[in-house]
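Only heavy atoms go into these numbers, but all of them, side chains included; no hydrogens, no water, no symmetry mates.
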Amino acid sequence: MHAMTTADRAAGPAPSGLLRDLRSPREAVSNLTPNWFASVMGTGIIANAAAGLPVHVPGLRTAAAAVWVLAAALLAVLTAGTVAHWIRYPAFAGRHHRDPVIGNFYGAMAMAFLTVGIGAVLVGRDWIGLTAALALGTTLWVIGTALGLFFALLIPVLMARGGHYRTDAAFAGWLMPVVSPMVTAAGGAVLLPYAAEGGVRTALLWFSCGCFAFTLVASLIVLPAVLLRLVRGPLWAPAMIPTAWIVLGPLGQSITAANGLGSTAHLAVGPDLAAGLQRFGTDYGWSVTVAVLMWTAVALVLTARTALGTTDGLPYALTWWSFTFPVGTCATGFSAMAAATGATGYAVLAIVFFLGLVAGWVTAARGTFARAVVSGSLLRHPDLAA
């Protein structure tokens with residue numbers, strides 16, 4: 001099934017140095033599943049987090065802009081590759097949304113657009129100008145929001161119909177489809193100062209608040225099943241252990257969104273309501289900080305125990321990108337709390353989580369580069385293996 005086609009043979013062998021495990025360069029788009037977009041999220045969040053850090057480091061903003069360009073390039077390549085994947089390998093592509101693991105990562109596609117869009121306004125404007133940054137950022141925010149809401153409603157329905165929502169099958173990836181509206185909310189706060197005054201700003205504020213509430217409620221529905229699986233077992237397979245970090249995503253992103261919307265609400269509503277939203281942001285942040293720190297400890301223990309205490313250690317998989325974006329949202333959330341409260345502790349936490357984000361990115365990127373660009377094995381669909 002899916003043997004090499006005449007066109008594949010005509011394309012000739014892949015270069016001996018790069019993509020050496022592919023029989024043809026055309027196979028490079030055979031295994032572009034939605035979770036590849038997590039690499040865009042994990043790269044883009046470095047730029048976004050660096051822009052808001054409560055410390056001034058010479059050259060950091062320039063580096064952040066460069067990282068944003070890299071994330072934008074990755075988004076363009078993966079989007080084009082995904083289109084090619086659907087055209088050339090429709091049988092493979094048509095399975096993704098029904099897969100009990102991969103299907104959940106359609107949320108990564110939406111969040112990739114949102115992350116790069118937010119970054120365009122935060123740091124990309126340094127290189128492309130504010131006008132172009134707003135046009136690009138708004139466009140990507142709209143695309144990411146539309147995809148996010150669509151997948152947030154569709155994927156859980158498909159997973160439920162397929163009988164995949166069982167306690168013994170629960171994993172933190174179940175959060176992926178429902179987290180993207182929270183990223184929309186955080187992006188809405190970034191765009192709010194540039195929106196047209198009056199009804200547009202007010203609508204954007206309340207739409208963003210609605211997205212915040214949607215993810216908050218959906219996460220509270222999903223998390224108990226994940227916790228129950230963790231307590232009762234069976235424990236996730238080693239390759240799935242990194243997904244434990246995904247739980248930090250809705251926690252950190254909600255702190256970011258709550259404080260972002262609170263700090264910009266005065267542009268869209270009256271002073272009393274704006275003050276209430278700002279107060280909610282800081283109070284919410286104080287409360288959720290406890291959950292962030294507790295779950296960070298849990299994720300660290302699970303990861304260390306698997307890496308050091310099992311025979312095979314922590315085998316590489318695309319799940320390693322779970323070490324990036326969720327940690328980055330905690331850095332942005334704590335930076336927002338540092339700005340809102342002036343608390344030194346939050347500034348320290350923001351820096352610590354940012355450094356953890358960079359370390360996670362290096363770890364995930366190195367493994368992905370070796371298996372995707374160098375050998376090409378990660379790009380080839382298992383059904384095409386020789």
So, taking the atom named NE2 in H266 and the one named CG in L277, what distance separates them when rounded to the nearest 0.5 Å? 12.0 Å
Do you know the tightest heavy-atom contact between I255 and Y284? N-CE2, 3.9 Å
Would a distance-only check, ignoring hydrogens and angles, find a side-chain to backbone donor-acceptor pair under 3.5 Å from T138 to A135? no
Applying salt bridge (charged side-chain N to carboxylate O under 4.0 Å, His left out), which residue pairs with at least one partner in residues 48-69 are found, sequence neighbours left out? R61-D126
What closest approach, in Å, do G333 and T256 show between heavy atoms, and which atom pair accounts for it? N-OG1, 3.0 Å
Which pairs count as salt bridge (charged side-chain N to carboxylate O under 4.0 Å, His left out) when at least one residue sits in residues 145-167, sequence neighbours excluded? R166-D168
Using 0.5 Å steps for rounding, measure from the SG atom of C211 to the CG atom of L216. 12.5 Å
Worked verdict on H96 versus H85 for side chain to side chain donor-acceptor pair (under 3.5 Å): CA-CA 12 Å; H96 299 333; H85 174 68; 3.0 Å; yes
Spatial distance of atom CZ (F354) from atom SG (C330) [nearest 0.5 Å]: 14.0 Å
Tell me, with the steps shown, if T264 and V190 meet side-chain contact (heavy atoms from CB on, under 4.5 Å). CA-CA 8 Å; T264 56; V190 172; over 6 Å; no
NE2 (H164) and CG (N104) are apart, to the nearest 0.5 Å, by 9.0 Å
Okay, side chain of R98, backbone of G103: is any donor-acceptor separation there less than 3.5 Å? no
W245 versus T296, side-chain donor and acceptor atoms under 3.5 Å: no
Taking it one step at a time, do W321 and N35 satisfy side-chain contact (heavy atoms from CB on, under 4.5 Å)? CA-CA 9 Å; W321 286 100; N35 43 343; over 6 Å; no
Is the shortest heavy-atom distance from the side chain of I45 to the side chain of P326 under 4.5 Å? no
T341 and Y346: side-chain donor and acceptor closer than 3.5 Å? no
Side-chain donor or acceptor of T332 paired with backbone N/O of T329 under 3.5 Å: yes
Do T145 and T184 meet the criterion of a side-chain donor-acceptor pair at a distance under 3.5 Å? yes
Would V301 end up clustered with I246 when hydrophobic side chains under 4.5 Å apart are linked, directly or stepwise? no
Pair L230-L302, side-chain contact (heavy atoms from CB on, under 4.5 Å): steps then yes or no: CA-CA 10 Å; L230 187 62; L302 286 173; 3.8 Å; yes
Let me confirm one number: the CE-CE distance from M111 to M41, rounded to the nearest 0.5 Å. 4.0 Å
May I ask you to decide if M182's main-chain N or O and S254's side chain share a donor-acceptor pair within less than 3.5 Å? no
Contacts of Y165 meeting ring-ring contact (aromatic ring centres under 6.0 Å, His included) (sequence neighbours excluded), chain-then-number -> W174
Pair V183-F325, side-chain contact (heavy atoms from CB on, under 4.5 Å): steps then yes or no: CA-CA 11 Å; V183 185; F325 187 83; 4.1 Å; yes
Strictly by modelled atom types, are W361 and T43 linked by a side-chain donor-acceptor pair under 3.5 Å? yes
Any donor-acceptor pair under 3.5 Å from S322 side chain to T319 backbone: yes
Check whether any side-chain N or O of S180 sits under 3.5 Å from a backbone N or O of A110 as a donor-acceptor pair, and report yes or no. no
Rounded to the nearest 0.5 Å, how far does CG of L235 lie from OG1 of T306? 6.0 Å
Does the R229 side chain pair with the main chain of A170, one donor and one acceptor, at a distance under 3.5 Å? yes
Could you tell me how the ring of F323 sits relative to the ring of W320: parallel (under 30°), tilted (30 to 60°) or perpendicular (over 60°)? tilted
Counting the benzene-type ring for Trp, do F334 and F353 have ring centres under 6.0 Å apart? yes
Donor-acceptor check, side chain of R201 to backbone of A195, threshold 3.5 angstrom: yes or no? yes
